[in-house]
Protein chains: 2
Amino acid sequence: MHDIGFANHDHATCVTTALATVETACAAQKLQLTPTRRRVLEILLEEHRAMGAYDILAILAAEGLGSQPPVVYRALDFLVSNGFAHKIEKLNAYLACTHPGENHSPVFLICRACETVAEASMPMTDLRRAADGAGFLIENTVIEVEGLCPACREAA
Amino acid sequence: MHDIGFANHDHATCVTTALATVETACAAQKLQLTPTRRRVLEILLEEHRAMGAYDILAILAAEGLGSQPPVVYRALDFLVSNGFAHKIEKLNAYLACTHPGENHSPVFLICRACETVAEASMPMTDLRRAADGAGFLIENTVIEVEGLCPACREAA
DNA sequence: AGACGATATGTTATAATATATCAACCCGCA
DNA sequence: TGCGGGTTGATATATTATAACATATCGTCT
Ligand SMILES: [Zn+2]
Ligand SMILES: [Zn+2]
Ligand SMILES: [Zn+2]
Ligand SMILES: [Zn+2]
């Protein structure tokens with residue numbers, strides 16, 4: 001596993017490089033990164049946390065970018081289905097991908113104390129091998145781990 | 001991994017042994033398997049599939065066991081928190097545990113074609129090792145795999 | 001028996017999350 | 001110019017889940 005994600009980081013750079021990566025990927029794949037889609041991604045990147053769809057919608061509404069649920073759900077659908085953001089099923093919340101474009105099977109580490117969510121990436125060899133053996137064809141995985149991050153573990 | 005779960009089985013035995021196991025566990029731990037809780041578990045066992053809370057509630061209502069959402073959510077909360085049933089986050093649905101009582105970290109294999117959900121149990125050594133190394137304390141895992149079960153894979 | 005606490009249930013209302021549907025618009029292209 | 005795909009606007013509704021508060025039930029202590 002790499003990129004455990006609970007460490008401090010240069011957030012301004014983190015946002016701008018992720019945006020640039022997504023822009024490049026959209027250009028390459030002829031995907032339309034429209035203003036609302038782009039703004040939703042920016043919001044997720046800036047906040048750098050798992051956000052509910054209605055939290056995002058409130059921000060969009062305040063900026064005059066739309067106030068009805070379909071606005072945000074459409075943007076999220078675009079971002080998630082193209083791998084630029086992820087849905088955390090356990091939280092019904094959305095998170096910008098920390099390495100968009102790369103083909104990856106994310107693992108999310110959710111701290112129940114500080115609510116931070118870190119995206120890790122690791123080879124799930126156990127899972128692949130077992131599923132293959134059983135004849136199950138894996139198309140998508142949801143791997144979410146709840147617990148305490150290093151900082152909150154320390155504090156407790 | 002064992003107990004891949006897509007195979008045929010003696011369902012009557014499957015239901016009665018699971019119920020008996022839960023009854024024993026409740027007696028041992030002084031948990032109250034009240035009529036509604038027991039009936040919800042029975043429903044999940046009989047149907048042997050992931051069911052939405054309101055699907056279950058409709059059955060309870062038809063039987064005069066309560067018609068308001070809290071009735072079923074309370075029963076599900078009891079069953080889930082004691083390990084007698086599981087919530088499939090990806091589906092917002094609930095499933096009876098196939099080996100209640102045992103301390104386990106389930107893995108769910110969800111077939112997108114036939115909607116069958118199989119509960120497997122496997123050691124997530126990759127995950128444990130990586131999380132330990134990163135200082136993250138795992139308290140709970142959600143591992144859900146979407147794809148095609150052997151039968152549907154065959155058919156396709 | 002009577003008072004009490006812990007647990008479970010009944011009931012009403014509402015919150016939170018997500019989708020269906022249909023009309024309008026935009027833009028590249030035949 | 002007219003078509004066609006993708007996107008947006010707008011209204012309504014579906015689905016999933018919880019808050020809040022009253023009532024009931026049961027064992028325990030006095
Ligand atoms: Zn990612
Ligand atoms: Zn934390
Ligand atoms: Zn069965
Ligand atoms: Zn189980």
Side-chain angles (χ1 to χ4, degrees), chain A residues 22 26-41 43-44 49-82 84-95 110 115 117 142 144, chain B residues 22-23 26-27 29-41 43-44 49-82 84-95 110 115 117 142 144:
Chain A
V22 171
C26 285
Q29 301 173 247
K30 304 215 191 300
L31 298 172
Q32 301 184 44
L33 188 61
T34 59
T36 303
R37 291 170 176 179
R38 190 195 156 96
R39 185 66 190 122
V40 169
L41 177 60
I43 291 169
L44 288 174
R49 62 189 174 90
M51 299 180 74
Y54 283 75
D55 296 339
I56 300 167
L57 181 58
I59 297 178
L60 291 180
E63 296 174 354
L65 277 170
S67 59
Q68 300 308 316
V71 169
V72 70
Y73 281 103
R74 283 166 177 164
L76 287 170
D77 182 62
F78 170 85
L79 295 172
V80 169
S81 58
N82 292 113
F84 305 142
H86 300 291
K87 179 175 184 183
I88 312 298
E89 298 289 346
K90 179 83 184 185
L91 304 178
N92 290 322
Y94 302 84
L95 188 68
I110 305 168
E115 300 185 353
V117 179
V142 174
E144 298 171 0
Chain B
V22 170
E23 279 170 355
C26 284
Q29 303 174 245
K30 301 210 191 305
L31 298 172
Q32 302 184 44
L33 189 61
T34 59
T36 303
R37 291 170 176 178
R38 188 193 157 97
R39 185 65 190 121
V40 170
L41 177 60
I43 290 168
L44 287 175
R49 63 187 173 91
M51 299 180 75
Y54 283 75
D55 296 338
I56 300 167
L57 181 58
I59 297 176
L60 291 180
E63 297 174 354
L65 276 172
S67 59
Q68 299 309 315
V71 169
V72 69
Y73 281 104
R74 284 165 176 164
L76 287 170
D77 181 62
F78 170 85
L79 296 172
V80 169
S81 58
N82 291 294
F84 305 142
H86 299 290
K87 179 175 183 184
I88 312 299
E89 297 288 346
K90 178 85 183 182
L91 304 178
N92 291 322
Y94 302 83
L95 188 68
I110 306 168
E115 300 185 353
V117 179
V142 174
E144 299 173 359

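Every chain is numbered from 1 and lettered A, B, ... according to where its sequence line falls, protein lines coming before strand lines.
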What does A:T34 touch in the nucleic acid at a heavy-atom separation under 4.0 angstrom: a base, only the sugar-phosphate, or nothing?
sugar-phosphate
Kindly compute the distance separating CE (A:M51) from CD1 (A:I88), expressed to the nearest 0.5 Å.
13.5 Å
Is there a residue in residues 54-64 of chain B whose heavy atoms reach under 4.0 Å of DNA chain D, and which residues are they?
B:Y54
Nearest heavy-atom pair of B:L44 and B:Y94: which atoms, and what distance?
CD2-O, 3.5 Å
Below 4.0 Å from chain B heavy atoms, what is the first contacting nucleotide of DNA chain D and what is the last?
D:dT16 to D:dA20
Salt bridge (Lys or Arg N to Asp or Glu O under 4.0 Å) contacts touching residues 65-75 of chain A (sequence neighbours left out):
none
The side-chain contact (heavy atoms from CB on, under 4.5 Å) partners of B:A93 (sequence neighbours excluded) come to B:A50, B:L91
Identify all side-chain donor-acceptor contacts of residues 54-68 of chain B below 3.5 Å with residues at least two apart in sequence or on another chain.
from: B:D55; atom 1: OD2; to: B:G52; atom 2: N; distance (Å): 3.2
from: B:E63; atom 1: OE1; to: B:R39; atom 2: NE; distance (Å): 2.9
from: B:E63; atom 1: OE2; to: B:R39; atom 2: NE; distance (Å): 3.3
from: B:E63; atom 1: OE2; to: B:R39; atom 2: NH2; distance (Å): 2.8

Check: B:Q32 main-chain N/O paired with B:R37 side-chain donor or acceptor under 3.5 Å:
yes
Taking DNA chain C as the partner, which of residues 69-76 of chain B come within under 4.0 angstrom of it by heavy atom?
B:P70, B:R74
Using a 4.5 Å cut-off on heavy atoms from C-beta on, say whether the side chain of B:L31 contacts that of B:F78.
yes
Point-to-point distance, once rounded to the nearest 0.5 Å, from CG of A:L79 to CG of A:L33
7.5 Å
What contact category does A:Y94 fall into here, base, sugar-phosphate, or nothing, at under 4.0 angstrom with non-hydrogen atoms?
sugar-phosphate
Please walk me through it: do A:I110 and A:E144 pass side-chain contact (heavy atoms from CB on, under 4.5 Å)?
CA-CA 7 Å; A:I110 305 168; A:E144 298 171 0; 4.1 Å; yes
Outer limits of DNA chain C sitting under 4.0 Å from a non-hydrogen atom of chain A, read 5' to 3', are C:dT17 to C:dT21
Strand contacts (DNA chain C) in residues 86-93 of chain A, 4.0 angstrom heavy-atom criterion
A:K87, A:N92
Any donor-acceptor pair under 3.5 Å from A:R49 side chain to A:E115 backbone:
no
Tell me every residue that passes salt bridge (charged side-chain N to carboxylate O under 4.0 Å, His left out) with A:E89, counting only those two or more places apart in sequence or in another chain.
A:K87, B:K90
